[in-house]
Amino acid sequence: MEPKSRALFLDRDGVINEDRHYPYKPEHIEFRPGIFDLCRCAVAKGYKLIVVTNQAGVAKGKFTEEDVRALHVWMRERFADESIAITAFYYCPFHKNGTVPAYIKDSDCRKPRPGMLLQAAEEHNIDLARSLMVGDKNSDRIEIDGLKCVILRSEYVREGYDVESLDEVVKMLK
Ligand SMILES: [Mg+2]
């Protein structure tokens, strides 16, 4: 069996792109300073890039799963333009207080629960204990023992954050 890879798990809104209110179209996306450099550096060190994003806007009727998937296709292309390959995107469309019946659920995939990362680890042969998760909310501190989580300073986390910028995350890649 192939040896397991490390992954750089990236929250999307607030890490890859600026977190404007429920972004779901390419015109809503402004990439954050340093994201492409961080990803390039991670890939060079052997990390797989995996996006893990809560998208409760689906459960709240603000946009659809098709919108989320189309945005991820577009985003993958923008990274490819920068010569960066994203291994996979995972999103959780559910919320326990949703308004769209099909998506009202207290889901194990919604961060900080570990569902998306466990699925990614299984599907992409990832060693979670050697991987890194980067987020901008306390819910990005994933409930997995041994997984290192790094929280950016943000409008949601003004105290107790780990780093001020994505540039600092580069230095944490082993
Ligand atoms: Mg976020």
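Counting starts at 1 for both ligands and their atoms, in listed order. Predicted model, so just to flag it, every value in this text is computed and none were measured. Position 1 is the first residue of the sequence, and the numbers go up from there. Reckoned from all heavy atoms, side chains included, excluding hydrogens, waters and symmetry mates.
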Participant: Looking at side-chain heavy atoms only, is the closest gap between Arg20 and Ile29 below 4.5 Å?
Facilitator: no
Participant: Would you please name every residue forming a salt bridge (Lys or Arg N to Asp or Glu O under 4.0 Å) with Glu168, sequence neighbours left out?
Facilitator: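 Glu168 satisfies salt bridge (Lys or Arg N to Asp or Glu O under 4.0 Å) with no residue once adjacent residues are dropped.
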Participant: Please give me the minimum heavy-atom distance between Leu49 and Ala42, naming the atom from each residue.
Facilitator: CD2-CB, 4.0 Å
Participant: Of all heavy-atom pairs between Asp127 and Ser131, which one has the smallest distance, and what is that distance?
Facilitator: O-OG, 2.7 Å
Participant: Return the number of protein N, O or S atoms with a distance to the Mg ion (ligand 1) smaller than 2.8 Å.
Facilitator: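 Near the Mg ion (ligand 1), the number of protein N, O or S atoms below 2.8 Å is 3.
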Participant: Determine the interplanar angle of the Phe31 and Phe79 rings, folded into 0 to 90°, and report it as parallel if under 30°, tilted if 30 to 60°, perpendicular if over 60°.
Facilitator: perpendicular
Participant: Ignoring hydrogens and angles, tell me if any N or O in the side chain of Ser107 forms a donor-acceptor pair with the backbone of Cys109 under 3.5 Å.
Facilitator: yes
